[in-house]
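Chain letters run A, B, ... following the sequence lines, proteins first and then strands; every chain starts at 1. Nothing here was measured: the structure is a model prediction, and the numbers come from that model.
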Number of protein chains: 4
Amino acid sequence: MVEYRIDRSSGVPAYVQIVEQTERALRMGTLRVGDKLPTAREVVAATAINPNTVLRAYRDMEQAGLVELRRGLGTFVTRSLARPGAEDDSPLRAELADWTARARAAGLERADILALVTAALDTHDDTKDSRAPGDPERAEEDA
Amino acid sequence: MVEYRIDRSSGVPAYVQIVEQTERALRMGTLRVGDKLPTAREVVAATAINPNTVLRAYRDMEQAGLVELRRGLGTFVTRSLARPGAEDDSPLRAELADWTARARAAGLERADILALVTAALDTHDDTKDSRAPGDPERAEEDA
Amino acid sequence: MVEYRIDRSSGVPAYVQIVEQTERALRMGTLRVGDKLPTAREVVAATAINPNTVLRAYRDMEQAGLVELRRGLGTFVTRSLARPGAEDDSPLRAELADWTARARAAGLERADILALVTAALDTHDDTKDSRAPGDPERAEEDA
Amino acid sequence: MVEYRIDRSSGVPAYVQIVEQTERALRMGTLRVGDKLPTAREVVAATAINPNTVLRAYRDMEQAGLVELRRGLGTFVTRSLARPGAEDDSPLRAELADWTARARAAGLERADILALVTAALDTHDDTKDSRAPGDPERAEEDA
DNA sequence: GTGGTCTAGACCACA
DNA sequence: GTGGTCTAGACCACG
């Protein structure tokens, strides 16, 4: 079950944060087709945001074709964004874990590390946006 | 000179994106104390956002103690967020570049990679938010 | 409920006047933690300044940690600047009231009195600025 | 000789601060008819603001009839705002000095004291502005 | 020509 | 209905 964490001081709309985090879970395979998202009620209990805001996020994801809202039942994942290579036990993840451990040991904080990664990505990839991880980036990957 | 790239479809306010990107440049050492940010007019020319929006971002950073707005002169960096270990030629960066190259070779996209990194960070670090690099995160570094 | 009075001819930006007056109310204990500031719309109705200007002032105070803007709810005091000794019934205030009465009886106007007080303060205190009460002065009190 | 102190972080325009402080000196009798204001050059040396800004302030005061700019000679006070009762040795000032000393002893800071005074003034005087000490308040007193 | 304030008004986020 | 972002444009402060 995903657990949303909303940072109200980030300036990023709450519903966008929910979408970002859901997408992230889809990419990682943490969330798979058929899985149920937490109910609006549950999210409200966990995050103290308004149910309407949760529903807004879920509706957006429905329109993007990622989930399906079934009245009375809940919200269910209808599409995967999972990538081979991003599985829990992939070598890439192990190497990454190793690298981040060393980065932290070197005194780098979360924000520093994310800045480094973004910079590394922007080096190879001079296309597109430049923003954050978990960008909605118009969810339209494979299924 | 920093170059801002604004993703208007991300849902993240333009002024937040400017702050994030500036912070990122500060962390990476791309921007150093005394450096001049692009003038509001230059940013406007490059990004097609409104001057007021740029100034809003600059003002926010001024209040955060990162830059100083000097009328008639421009906006200047007053505080570094640079980290030893994040320099251009650091081993950590080289290793990261290597890892991202392999991740891309494995078919992972930018968003996938950022999701992986976020997941890796959240594994060690069960505190805080979940969002982007360059998050305001209440700047509290030193120079 | 605070009531803002904006002097448009003073040369002091309207949003600064709002901040100054709010801070003053906080110092005097007129405004306490948890209290709600007037909504932007109410201030607009009372002062004929633009809602954006009010919000600018509120945002500035939020960044200074004095208040919290809650969408859909309003703006609330989060920190006290109250001082023991500044209460309504303190001896100091009674003495002051007595003194100002005599000053006025002697023909001194508001501006004269404020000039006298400023001079008196500058005598003991050869540090800092010189300006007004309720100066932002980088709010650094506690609650 | 007046000594201007400009607080660049107060949000109040520099030229307004100069006018305010000059007026204050006139009210206190620190500056008298015939006295010479510091030259723009001197003010620049002392405050690091631009000569044009000083001249702007002096010109404003000339238009208000307070001073006269004599090319090649300097700027001279042409009108007094002095008040009997505000002299250096007046009983009112002695009492005030005593009161402020006690206020400081009670732990009140400059801003607290100014807030108290403003409140005291607003109690008797429910007219007008509400702002700071040294408000321009359209200089038009006696001579 | 730089930053800075203010207005007006459209549209969005959230309770 | 609350705050919040963004635009557009006028005018100001300052170097």
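Rounded to a whole Å, the OH atom of Tyr58(B) is 11 Å from the C1' atom of dG3(E). Between the P atom of dG4(F) and the CD atom of Glu68(C) lies a distance of 10 Å, rounded to the nearest Å. Nucleotide dT5(F) holds its P atom 13 Å from the CD1 atom of Ile18(B), rounded to whole Å. One interatomic measurement links the two molecules: CD of Glu62(C) to P of dT2(F), which rounds to 18 Å at whole-angstrom precision. In this structure, the CG atom of Asp60(C) is 15 Å from the C1' atom of dG3(F), given to the nearest Å. In this structure, the CD1 atom of Ile6(D) is 10 Å from the P atom of dG15(F), given to the nearest Å. Between the CZ atom of Arg59(B) and the C1' atom of dG3(E) there is a distance of 10 Å, given to the nearest Å. Computed from coordinates, the Leu37(C) CG to dG4(F) P distance equals 12 Å when rounded to whole Å.
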**Asked** Checking side-chain contact (heavy atoms from CB on, under 4.5 Å) for the pair Arg8(D)/Ile49(D): CA distance, chi angles, key distance, verdict?
**Response** CA-CA 10 Å; Arg8(D) 318 196 53 115; Ile49(D) 65 181; 3.1 Å; yes
**Step-by-step side-chain contact (heavy atoms from CB on, under 4.5 Å) determination, Val2(C) to Asp35(C)** = CA-CA 10 Å; Val2(C) 209; Asp35(C) 283 359; over 6 Å; no
**Prompt:** Could you walk me through whether Arg70(D) and Phe76(D) pass the side-chain contact (heavy atoms from CB on, under 4.5 Å) check?
**Reply:** CA-CA 8 Å; Arg70(D) 299 197 210 132; Phe76(D) 300 86; 3.8 Å; yes
**Request:** Begin from the C-alpha positions of Leu31(A) and Leu37(A) and carry the test side-chain contact (heavy atoms from CB on, under 4.5 Å) through to its verdict.
**Result:** CA-CA 9 Å; Leu31(A) 226 39; Leu37(A) 296 188; 3.6 Å; yes
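When the side-chain nitrogen and oxygen atoms of Thr75(B) are compared with OP1 and OP2 of dG3(E), one or more of them lie within a distance under 4.0 Å.
Arg41(B) comes within 4.0 angstrom of a base, heavy atoms only.
A salt bridge is defined here as a Lys NZ or Arg NE, NH1 or NH2 lying under 4.0 Å from an Asp or Glu carboxylate O, and Arg5(D) with Asp122(C) meets this definition.
Minimum interatomic distance between Arg110(D) and Thr118(C) (heavy atoms only, all atoms of both residues): NH2-CG2, 3.8 Å.
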**Item:** Sequence-aligned protein contact record of nucleotides 9-15 of chain E, with B where the base is within under 4.0 Å of a protein heavy atom and S where only the sugar-phosphate is
**Value:** B---BBB
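Just one residue in the list Thr47(C), Val54(C), Asn52(C) forms a side-chain contact (heavy atoms from CB on, under 4.5 Å) with Asn50(C), and that residue is Asn52(C).
Within the shown strands, dG1(E) is the pairing partner of dC14(F) under the Watson-Crick or G-U definition, both distances less than 3.5 Å.
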